[in-house]
Structures are given as structure tokens and as C-alpha cells.
Amino acid sequence: MSRLPHVLYGLFALLCLTALVWPVYAWVGERIEPRILGLPFAFAWNVIWVAASFLALVAYDRTLERRRRA
Amino acid sequence: MSSDQIIVVSIAGLYLIACLAVGMIPAKRSSDSAEGFVAGDRAMGGVMMYFITGATIFSAFAFLGMPGHAYSRGVFACYVLGYGALGFVPFYFLGPRAARVGRRYGFVTQAEMVAHRFRSPRVALLMAAITVYALVPYIAIQMRGAGLVLNATSGGAIPNWAGSGLVYTVVLIYVLRSGVLGVGWTNTFQGILMMVLAWILGLYLPHALHGGVREMFDELAAKNPDMLRAPGLASAKEPALHVIERAGPGSWAGYTSGVLISILGFCCWPQLFMRAFSAKSERVLRRTVVLYPTFQIFLVPILLIGFAGINFEKLPAKADQVLPHLLMSLDLSPLIVGLFCAGALAASMSSGDALVHTAASVTVRDGYVTGLRRKLGPHDERRWIRVMIVVVMLGSYALERTYQGDIVSLLLLAYGPIAQFLPVLVATLYWRRATAAGIGAGLVSGVGLSLLIKTGVIEGLGVHEGLWGLGLNVVALVAVSLTTFREGEEGEEFLRVASTEPSEA
């Protein structure tokens with residue numbers, strides 16, 4: 001069975017983790033602009049990653065679920 | 001009391017009656033055994049699992065403390081979103097494995113699972129002691145939150161002791177009567193109420209005070225730009241009432257290690273991990289983890305409330321009172337204040353009930369039955385768990401009323417030790433070579449180091465003490481396991497059960 005979904009989700013989780021802490025967040029979190037839906041960028045950055053994490057886990061879960069049924 | 005305060009208190013009273021009614025409904029829907037009382041006969045469906053997990057996490061601290069964090073530290077408070085993005089993900093992998101061995105061997109707590117795999121009652125006793133030590137201050141904080149909210153919204157007519165006593169008497173009744181299903185049903189009701197109220201207040205207050213969310217942040221960008229740049233500010237000083245001194249920039253070491261330890265330790269809290277033993281199926285468990293970020297987004301309006309108060313003319317007595325302070329200062333309709341009161345009580349109760357139920361179950365199952373190897377029949381176990389619910393509730397209430405220091409500091413002392421459960425749980429469910437000696441060495445060294453750093457005996461260099469503890473824990477667990485004797489076929493069988501997916505999952 002292909003390990004691709006596990007590898008891709010693992011890479012995403014690593015990317016997400018890196019984005020949320022020093023040094024990546026220190027670099028992007030310095031900014032107040034651009035605003036997203038009125039929120040300062042350092043705030044919106046966290047919201048974006050919560051949404052991205054949700055979508056990535058949905059995709060991973062659906063892929064595994066399809067395999068279980070097959 | 002004025003007529004407005006009577007309306008506010010009446011809404012809170014109606015809410016408490018509704019909670020009691022909802023919590024009593026499932027009383028006859030579980031079997032008359034410890035498994036029915038603690039794990040709901042392993043039959044919880046998706047909706048209830050979603051709310052029992054989400055509402056348990058969002059406590060009085062989330063409803064009152066997070067606006068306070070945003071108010072005093074600005075964007076630093078967003079760490080709660082950061083760790084929420086990945087915090088529950090380990091449970092996606094650990095939860096279904098725990099559920100499989102739970103069904104096979106009849107576990108309802110995480111410590112009895114670990115103790116069974118390694119045939120070590122002492123590990124169960126140690127985990128039970130850490131759990132109870134962590135949960136009692138946590139319950140006391142929920143009680144204090146309930147008392148503060150009723151006191152503030154009634155204009156001081158309901159004293160703190162009576163407010164927390166009344167609210168937690170309601171909790172006591174439905175938890176005693178209905179066990180985990182009472183917790184699940186009320187959490188569903190409370191979770192919906194909290195989500196709706198958080199969005200209403202989170203959008204209304206920036207609008208009422210600043211003309212909207214965008215306008216609010218425009219003003220903050222001009223007046224308080226440091227609060228909008230990561231990592232926000234350091235912890236504010238509150239030397240006296242109405243004198244909140246905002247600090248300088250926060251530290252990246254503290255922020256980063258705080259996010260990391262929260263991600264690693266989040267699912268180890270027993271009140272969350274035990275849900276693995278309650279779910280109807282593995283599919284339900286996985287869906288709960290997948291959907292969790294939708295609950296997390298509800299913290300966005302909660303944080304907006306704190307930002308809305310930053311430049312408010314009248315200062316709150318303490319940062320974590322910013323939300324009730326704003327509501328009471330704005331001359332709002334008593335209906336809105338009453339609904340806020342109900343929402344804040346929901347936040348307190350939805351965590352408090354699960355914590356009380358967990359602490360009592362762990363004391364009996366892990367401490368008495370597994371740790372001390374005492375035999376109890378299913379009905380006796382259920383009876384003793386009920387007795388312990390009363391004892392835990394009274395103990396927490398006594399702590400809340402008598403402890404002169406800061407209860408939050410007591411709770412913070414427990415975060416590091418709870419996170420030390422992660423290597424133990426991973427080794428229990430995945431690692432063939434792990435041994436009882438390794439688990440014990442990891443747990444003792446990790447908990448010990450995190451407590452030594454937290455209490456200032458050893459310098460933690462600004463990094464969260466739980467992260468240092470986890471590092472030592474993993475090293476000790478691996479090193480001691482590789483140099484000690486591992487148990488035979490029974491451990492192999494345990495791991496085989498854990499890794500075999502049932503066909504209906």
C-alpha cells in the first residue's frame with residue numbers, strides 16, 4: 001500500500017509547525033499589514049494555519065477512509 | 001437588586017434549570033456498571049463526541065482568561081490558535097489504538113491501559129496521582145469563574161461563595177445521576193450556547209466600542225502597534241486593582257516552547273484521552289479530531305473581545321475580568337448581560353463536569369483498583385466513583401474558598417507533568433521494546449525535571465519546563481527500556497490488538 005498520503009500529511013504537519021513558531025512566525029509576524037478580513041497579519045496568520053490544518057486533515061482522512069473501504 | 005439585575009439573574013437561573021433537565025435525561029440510558037458510568041458503554045455518537053471534546057476544552061479560562069490575555073498581551077494570546085492547529089492531531093493516531101485495546105481488555109482510563117501493558121500497578125498509581133494533582137486546581141478555577149460571573153452580573157448581590165456553590169451543586173446532581181452521558185448531553189447544549197454567544201459578543205463589542213473589527217485594529221495599529229506584532233507583550237504586572245501595567249515585548253523562547261509543549265501535551269489530559277474509550281467507533285473518534293479546528297475558530301471572537309477593551313477608558317480590576325467589565329460598563333440590555341452570564345457559566349460547567357467525573361474515575365479505577373490491586377464489583381465501582389465525585393467536588397470547593405495564593409499558579413505547575421504522559425502513551429501503543437522500568441524512569445525523570453524548573457530550583461533558560469522534561473523523559477525511557485528485560489507474549493498480543501483495524505472502522 002502506498003505511503004504517499006502519510007508522507008504528504010507528515011510534510012504538511014512539519015510545515016505547519018514551522019510556520020507557527022520561531023523563526024518563521026517571527027519573520028512574518030512582524031507585520032501588521034496586509035490585513036485579512038480586518039485582522040492584523042500576525043493574528044490572521046494563525047487563523048489561516050488552523051483552516052489549512054483542518055483542510056489537510058480532512059483530505060488525509062478521506063484518503064485513508066477510501067482505502068479502508070476498498 | 002435592581003430590576004435589570006433581577007432579569008440577568010433570572011436568565012442565569014433558567015439556564016441552570018435547563019442544564020439540570022438536559023443532564024438528567026440520559027440517567028437510564030447507560031448500564032448500571034462502571035463502564036456505563038465512566039465510558040457510556042462505549043456508545044457515544046459523533047455529535048456528542050464533538051461537543052464533549054470541544055466544550056471540555058473551552059473552559060472558564062477560555063471565556064474569561066483569553067480575552068484577558070489579548071487585553072494585556074495583544075497578539076501573544078494567538079498562541080492558542082497556533083497550538084490548536086495541530087494540538088489534537090496526535091490523538092488521530094493514538095485514539096483508535098487506545099479504543100481497540102480498551103474494547104478488548106475493558107479499559108476506561110489511560111493509566112489502566114499503561115499498567116496492563118507493562119504489568120505495573122505503580123505506574124497507574126503515579127499517573128493517577130499526577131492526574132488528580134492536575135485536575136483539582138483546574139476544577140477550583142472553574143468554580144471561581146462561575147462565582148465571579150454571577151457576582152459581577154448580579155451587581156454583588158450573589159456572593160462568590162454562593163454563586164460557585166449553587167452552580168456546582170447543579171453539576172454535582174447531573175454528574176452523579178447520569179455519569180459521562182450527563183456530561184455529554186449538557187456539553188452539547190452548553191457548547192452550542194457558547195459558540196453562538198462568543199460570535200455575538202465578539203462581533204458586537206468591537207462594533208459598539210470602535211465601529212467594527214477593521215476600525216478597532218486601525219486604532220490599535222496607531223496607538224498600540226507592539227500589541228499587534230508577534231510575539232506580543234510579556235506577562236502584564238497587576239500589582240493592585242485597577243493598575244494593570246503592560247510589559248515590554250514577549251520572549252520568542254517562551255512563545256515557541258509554549259506552543260510546542262501545548263501541541264505535544266494537549267491530548268494527554270485524561271479528560272480528553274479517556275474519550276477514546278467512550279466513542280462508538282473509530283470513525284467517530286477520527287471525525288472528532290478532524291472537526292476539532294472548527295471548534296478552535298470560536299476562539300477568534302473571544303480574542304476580539306480582549307482587543308476591543310485595550311483602549312477602553314475605565315480599566316478592569318484584573319485583565320481576566322475585561323469581558324464582564326466591558327458588559328457592565330456599557331449600559332447594555334439586561335437580556336444581553338444575562339445571555340453572557342449563561343455563556344460564561346456554560347464554559348465553566350462544561351469543563352468542570354468532565355474534570356470532576358475524570359478525577360473521580362481515575363482515583364477509583366487507577367488509584368484504588370489498578371494501583372493498589374483492590375477488587376471491586378462493577379456496581380461497587382460505580383458507587384465508589386460517585387462517592388469520589390462528591391469528595392473531589394468538596395475538595396475543589398474547599399481549595400477555591402481557602403487557598404490564599406493564586407490557583408492559576410497551582411494549575412500551571414501541573415501542565416509540565418501532564419505533558420510527560422505523551423512518551424508513555426506512544427511507547428505503550430507503538431513500541432515493542434518498551435519496558436516497565438523504562439516507562440517508570442521516563443515518567444519520574446520528566447515530571448521531576450519539569451517541577452524543578454517550574455519551582456525555580458533549576459534555570460529553564462526561558463524554555464517551557466515541560467519541554468525540558470519531555471526531552472529527558474524520552475532519553476530515559478529509551479535508554480532504560482533498551483537495557484532492561486521486556487515482558488513476553490502478552491505485550492506482543494497487546495500491540496497486535498492495538499495495530500489491528502476492525503473491519504467496521
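Chain letters run A, B, ... following the sequence lines, proteins first and then strands; every chain starts at 1.
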| Distance in Å, B/R214 CZ paired with A/L37 CG, rounded so as to fall on 0.5 Å steps | 8.0 Å
| request: Working to the nearest 0.5 Å, report the span between CG of B/L81 and CH2 of A/W45. | output: 14.0 Å
Measure distances from [X] to the heavy atoms of chain A and classify the residue's part below 4.5 Å as side chain, backbone, both or neither.
X	value
B/V289	both
B/F217	both
B/V290	both

| said: Can you tell me how the ring of A/Y60 sits relative to the ring of B/Y92, calling it parallel under 30°, perpendicular over 60° and tilted otherwise? | reply: tilted
On a heavy-atom basis, which atom in [X] and which in [Y] lie closest, and how many Å separate them?
X	Y	value
A/A42	B/A230	CB-N, 4.0 Å
B/W252	A/A26	CZ2-CA, 3.3 Å
A/L20	B/G82	CD1-O, 3.2 Å

| query | With chain A, which of B/G74, B/A77, B/C78 has the greatest number of heavy-atom pairs at distances under 4.5 Å? | reply | B/C78
| task | Determine whether more than 12 heavy atoms belonging to other residues, nucleotides or ligands lie under 6.0 Å from atom CH2 of A/W22. | result | no
| request: For atom NE2 of A/H6, decide whether the heavy atoms of other residues, nucleotides or ligands shown that lie under 6.0 angstrom number more than 12. | output: yes
| Interface moiety of A/L64 toward chain B, non-hydrogen atoms closer than 4.5 Å | side chain
| query | So do A/Y25 and B/T256 actually touch side chain to side chain, heavy atoms under 4.5 Å? | reply | no
| Are A/N46 and B/V80 side-chain neighbours, meaning at least one heavy-atom pair lies under 4.5 Å? | no
| request: Applying side chain to side chain donor-acceptor pair (under 3.5 Å) between A/D61 and each of B/R283, B/R286, B/R287, report the one that passes. | output: B/R283
| By ring-ring contact (aromatic ring centres under 6.0 Å, His included), which residues pair with B/Y292, not counting sequence neighbours? | B/F88, B/F266
| remark: Looking only at A/A52, A/A56, A/G38, the option with the highest number of non-hydrogen pairs under 4.5 Å against chain B is A/G38
| query | Hey, which residues of residues 297-309 of chain B are touching chain A, say heavy atoms under 4.5 Å apart? | reply | B/I297, B/V300, B/L303, B/L304, B/F307
